[in-house]
Peer 1: 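One structure, as structure tokens, below. Some questions next.
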Amino acid sequence: MTRKVSPTFFSVVLIICLGIGSLGNLTDYTGIAVLIVAVLICVSSQLFANQINKIKMSHLRIGIGIGLLAMLVGQIFVLKVMPVTVFHDPYRVLSQADQMAAGHMTWDITYFWRYANNVPIAYLMSLWLRLTQLFGLTTNLSIHLLNILTLDSFILLLLSTIWKVSHRKSLLIAAFAFMVLTPFAYTYYLQVFYSDLTTMLVLLIIMRLILDWPQGAKVQHIFAGIGLVLSTLIGALLKPNLVVLLPALAIVALMLVRKKQFKKSRLLLPILLITLGFGLSLPTSHEISHVSHYTPEAKYAFPATHWMMMSVNPSHYGMFSGKDVIKDIKQPNKTARSHYDVKQISKRVKTMGVPGLLKLWVVKLGILLNVRGIQTWYNGGFRSAPSWYQNHAHFFMEITVISYAAATLALWFTLIRRLLIWRPDLTDSTQVTALLAIVTALGYFAFHTLLWEVEPRYGQAALPLIWLLLAATPAPVKDQSKTIDRSRLLAPLSIAATFLVAFGFAGILGHSQLKNSVVAAQRSQLSPQYHAKPTIVHPGNKISEQVTLHGSANYLSLQVHDHSKVSASLENLTTHAHYQLSAAGRDYRLHHRLIAGQYRITVQNTTSKNQRVDVVQTYHYQLADHPLNNNGHTDQTASLVFTFLLHHPKGAVING
């Protein structure tokens, strides 16, 4: 008679977190579609598992190799045909890296004084750009190459780790399908380079090195030790919240000591090496600041309490709050901001009380694990979406949401099922690594839920940890004879039903829930809030830029500058129709049906005084498909800030 196994404390906590995260992905109009497709994915994976496990390993390798090659072709196609306009933090980092790679070690905007944590990533990216310049690569191509190398290295290492831990062909194919057949490999992590993916890669490298450590020889330990120090150092420089790994290691070490397994686990040296990596990050960060000529300015710097204050802002659900930023900016220095933040934190916690605070934490956890926005994270849409995409934009938008959210939920549902029966064996190094993965994931969740501000992207750091857990936890025992008989008939039907239902829901929701779609845009900018310098347009002078629309649009927003008075117009270069834009604060807007074709945006100073216009200027990074013309002088690496939309009455207009 087998003894029933109850889940461990950490398993229960993770199950609760994933349950809340699942609900967070089911709250809008796509909820029913996501849930049904997720359930169908779970059913299909169960029915196909036995058949996949019978495939010869040689055939499996060939199939995965062909699939990865097809993925690479798809990635190159997306980057070449459908480049996006990167904005907010990733663009500011990219712009600074582009500037430093050109030899200009200056910091012209206040952004990095406010967010000094992004100085290392800007510097390291500039080194990459300098390296690729030696081979004649453009900045745009260099960034695309960096994205592909980082993303595909993560995918390959994850597949390798899953196979090493589980030796289950079905799980390997499941991970392959998650990476290759969903938007994971083709949207945010491919199109925008930032610290999120590098954190996931660093975590996976660290976990893999810890996993391999007990079986390694002395020479292997030397290389693995160097790898642990360097990966931890880079991870800490790029994303300081990687520090949650230290308390996770401490908790696992205490559990091993209690079970008298710490010496056998051989974890002491890896823990010391990881700690050394974190320790080295401080002097390394200072050295990076020195060589890049970065000097902190306390007048602009935000203290850690700034993010803690936003984390308890119930009106913004603990997310980034522009109002909190403005209030902190008004304080005279970093010390004054810290005192102000502490007072606001105390006030907000008292106002909410225990019930309100618990409610906020639940909402924040739901936001943290919400993956539906992966296509729009840190990008303002395609520079100029191709016509075939425009013709079916709403379908593509919905299938992106449904497919990735459903695949994520299917992953979580499967893991929850495993965790319910998992009792970690601390004499097994694989199980110890799995335990470290679960505690580290919970550390990330706790950090952003209880202490820090939250964004949906942040929860993705746990993705490699969740896959490692799934590989390390035992699968439920099934009656194989009955399962095999059923799966032969039902497996093809279930996978067909999964695709049909997913595409069917995407088509239906795409027609019934119309959203604004970006037809063409250039939204990269350093932002006036960080004191980016506008371009001075003298009386009578004009700035113009050509834009290609591959589909119909009915709304144009052009960012000019606060309090500037100019004449802004749009011309169809084929029909020569002219449209005058109307002033709306710092923006100039046009509501008019625009057919596909070539257009020119023109900003002219018709006054007798100089006027300021927000023009984005880089050194080597090409922002738009066409150059900017500034009073007869063309500049390939400069652009206006604009957005063409196909606007629907039910959709909210986004600012340019």
Side-chain angles (χ1 to χ4, degrees), residues 4-27 38 199-200 203 206-207 210 241-259 261 267 311-312 317-318 354-371 408-426 428 430-456 458-476:
K4 285 188 176 182
V5 179
S6 58
T8 65
F9 169 76
F10 292 115
S11 295
V12 170
V13 177
L14 183 57
I15 288 170
I16 293 172
C17 291
L18 296 181
I20 294 172
S22 298
L23 292 175
N25 283 280
L26 301 174
T27 52
T199 298
M200 292 161 58
L203 271 173
I206 291 173
M207 292 296 169
I210 291 175
N241 63 1
L242 184 70
V243 74
V244 300
L245 187 60
L246 286 180
L249 284 165
I251 291 171
V252 172
L254 288 174
M255 294 177 67
L256 290 169
V257 169
R258 184 181 175 188
K259 297 291 183 178
Q261 295 294 327
L267 264 182
S311 77
V312 290
Y317 308 109
V354 174
L357 193 59
L358 291 175
K359 180 182 177 181
L360 178 62
W361 287 345
V362 171
V363 171
K364 287 179 67 178
L365 187 56
I367 294 170
L368 179 68
L369 297 176
N370 191 326
V371 301
T408 300
L409 262 61
L411 170 63
W412 293 350
F413 293 162
T414 306
L415 179 60
I416 288 172
R417 188 182 178 198
R418 302 277 178 87
L419 291 176
L420 288 171
I421 61 170
W422 182 50
R423 175 73 69 178
D425 178 7
L426 298 185
D428 182 356
T430 299
Q431 298 284 293
V432 171
T433 307
L435 182 61
L436 176 60
I438 194 173
V439 177
T440 304
L442 290 175
Y444 270 102
F445 297 164
F447 178 77
H448 286 289
T449 300
L450 308 179
L451 188 64
W452 216 248
E453 57 102 10
V454 68
E455 295 292 340
Y458 299 161
Q460 287 282 277
L463 183 64
L465 306 175
I466 288 175
W467 273 110
L468 178 60
L469 269 172
L470 190 61
T473 49

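Nothing fancy with the numbering, it's 1 onward along the sequence.
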Peer 1: Grab the two heavy atoms, one from Gly459 and one from Phe445, that are nearest each other, plus how far apart they are.
Peer 2: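 Looking at all heavy atoms of both residues, the closest pair is O-CE2, 4.4 Å.
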Peer 1: Where do Leu426 and Met255 come nearest, in terms of heavy atoms and distance?
Peer 2: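 The pair with the smallest heavy-atom distance is CD1-O, 4.1 Å.
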Peer 1: Heavy-atom distance under 4.5 Å between the side chains of Tyr458 and Asn241, does that happen here?
Peer 2: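 No, every pair of side-chain atoms sits at 4.5 Å or beyond.
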Peer 1: Drop me the distance from Thr430's OG1 to Leu468's CG, to the nearest 0.5 angstrom.
Peer 2: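 It is 8.5 Å, given to the nearest 0.5 Å.
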Peer 1: How close do Pro464 and Met200 get, heavy atom to heavy atom, and via which atoms?
Peer 2: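 So the two residues come closest at CG-O, 3.7 Å.
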Peer 1: For the OG1 atom of Thr473 and the CD1 atom of Ile421, what is their distance to the nearest 0.5 Å?
Peer 2: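 Thr473 OG1 to Ile421 CD1: 8.0 Å, rounded to 0.5 Å.
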Peer 1: Under a 4.5 Å cut-off applied to non-hydrogen side-chain atoms, are Val454 and Thr449 in contact?
Peer 2: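 A side-chain contact under 4.5 Å is absent here.
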Peer 1: Can you check whether Leu470 reaches Ile466 side chain to side chain, under 4.5 Å on heavy atoms?
Peer 2: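 Result no, sub-4.5 Å side-chain heavy-atom pair not found.
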Peer 1: For Asp425, which residues count as a side chain to side chain donor-acceptor pair (under 3.5 Å) partner, sequence neighbours excluded?
Peer 2: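 Testing Asp425 for side chain to side chain donor-acceptor pair (under 3.5 Å), a comparison that skips the adjacent residues, returns Thr427.
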Peer 1: Does Leu365 reach the side chain of Leu368, with side-chain heavy atoms less than 4.5 Å apart?
Peer 2: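 Sidechains of Leu368 and Leu365: in contact.
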Peer 1: Applying side chain to side chain contact (heavy atoms under 4.5 Å, CB included), can you list everything that pairs with Ala446, at least two apart in sequence or on another chain?
Peer 2: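 Checked Ala446 against side chain to side chain contact (heavy atoms under 4.5 Å, CB included); matches are Leu450.
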Peer 1: Among residues at least two apart in sequence or on other chains, which ones pass side chain to side chain contact (heavy atoms under 4.5 Å, CB included) with Leu360?
Peer 2: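 Only Met352, Lys364 meet the side chain to side chain contact (heavy atoms under 4.5 Å, CB included) criterion with Leu360.
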Peer 1: Using every non-hydrogen atom in the two residues, find where Ala410 and Thr414 come nearest and quote the distance to one decimal.
Peer 2: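 Between these two residues, the closest heavy atoms are O-OG1, 2.8 Å.
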Peer 1: Would you say CZ of Phe413 has more than 12 non-hydrogen atoms from neighbouring residues, nucleotides or ligands within 6.0 angstrom?
Peer 2: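 Check passes, neighbour count above 12.
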Peer 1: Of all residues at least two apart in sequence or in a different chain, which pass the side chain to side chain donor-acceptor pair (under 3.5 Å) check with Gln460?
Peer 2: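 Scan of Gln460 (side chain to side chain donor-acceptor pair (under 3.5 Å), adjacent residues dropped) gives Tyr189, Tyr404.
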Peer 1: For Leu451, give me all partners under side chain to side chain contact (heavy atoms under 4.5 Å, CB included), at least two apart in sequence or on another chain.
Peer 2: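 In terms of side chain to side chain contact (heavy atoms under 4.5 Å, CB included), with neighbours along the sequence ignored, Leu451 is linked to Met308, Phe447.
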Peer 1: Are Thr8 and Arg423 side-chain neighbours, meaning at least one heavy-atom pair lies under 4.5 Å?
Peer 2: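 A side-chain contact exists here, since the closest heavy-atom pair is under 4.5 Å.
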Peer 1: Evaluate the side-chain proximity of Leu358 to Val362: yes if any heavy-atom separation is below 4.5 Å, no if none is.
Peer 2: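 No, too far: nothing below the 4.5 Å cut-off.
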Peer 1: Could you pull out all donor-acceptor pairs under 3.5 Å where a side-chain atom in residues 432-444 meets a protein atom, sequence neighbours excluded?
Peer 2:
from	atom 1	to	atom 2	distance (Å)
Thr433	OG1	Ser429	O	3.0
Thr440	OG1	Leu436	O	2.7

Peer 1: If you look at every heavy atom in Gly24 and Thr27, which pair is closest and at what distance?
Peer 2: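 Heavy atoms only, the tightest pair is O-OG1, 3.3 Å.
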Peer 1: Evaluate the side-chain proximity of Gln261 to Leu267: yes if any heavy-atom separation is below 4.5 Å, no if none is.
Peer 2: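 Not in contact.
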Peer 1: Which residues pass the ring-ring contact (aromatic ring centres under 6.0 Å, His included) test with Phe10, not counting sequence neighbours?
Peer 2: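 Checked Phe10 against ring-ring contact (aromatic ring centres under 6.0 Å, His included); zero matches.
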Peer 1: Could you list the residues that satisfy side chain to side chain donor-acceptor pair (under 3.5 Å) with Asn370, not counting sequence neighbours?
Peer 2: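 In terms of side chain to side chain donor-acceptor pair (under 3.5 Å), with neighbours along the sequence ignored, Asn370 is linked to Arg372.
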Peer 1: Under the side chain to side chain contact (heavy atoms under 4.5 Å, CB included) rule, collect the residues that match up with Leu26, sequence neighbours excluded.
Peer 2: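 Only Val34, Leu35, Leu409 meet the side chain to side chain contact (heavy atoms under 4.5 Å, CB included) criterion with Leu26.
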Peer 1: Working to the nearest 0.5 Å, report the span between CD1 of Ile416 and CG of Leu411.
Peer 2: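 Here the rounded value is 9.5 Å.
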Peer 1: What are the two closest non-hydrogen atoms of Val371 and Asn25, and how far apart are they?
Peer 2: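 So the minimum-distance heavy-atom pair works out to N-OD1, 3.0 Å.
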Peer 1: Using side-chain heavy atoms (C-beta onward) and a distance below 4.5 Å, is Leu469 in contact with Trp422?
Peer 2: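 Counting from C-beta outward, Leu469 and Trp422 do come under 4.5 Å.
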Peer 1: If you measure from CG on Leu249 to CD1 on Ile210, what distance do you get to the nearest 0.5 Å?
Peer 2: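 One gets 5.5 Å once the value is rounded to the nearest 0.5 Å.
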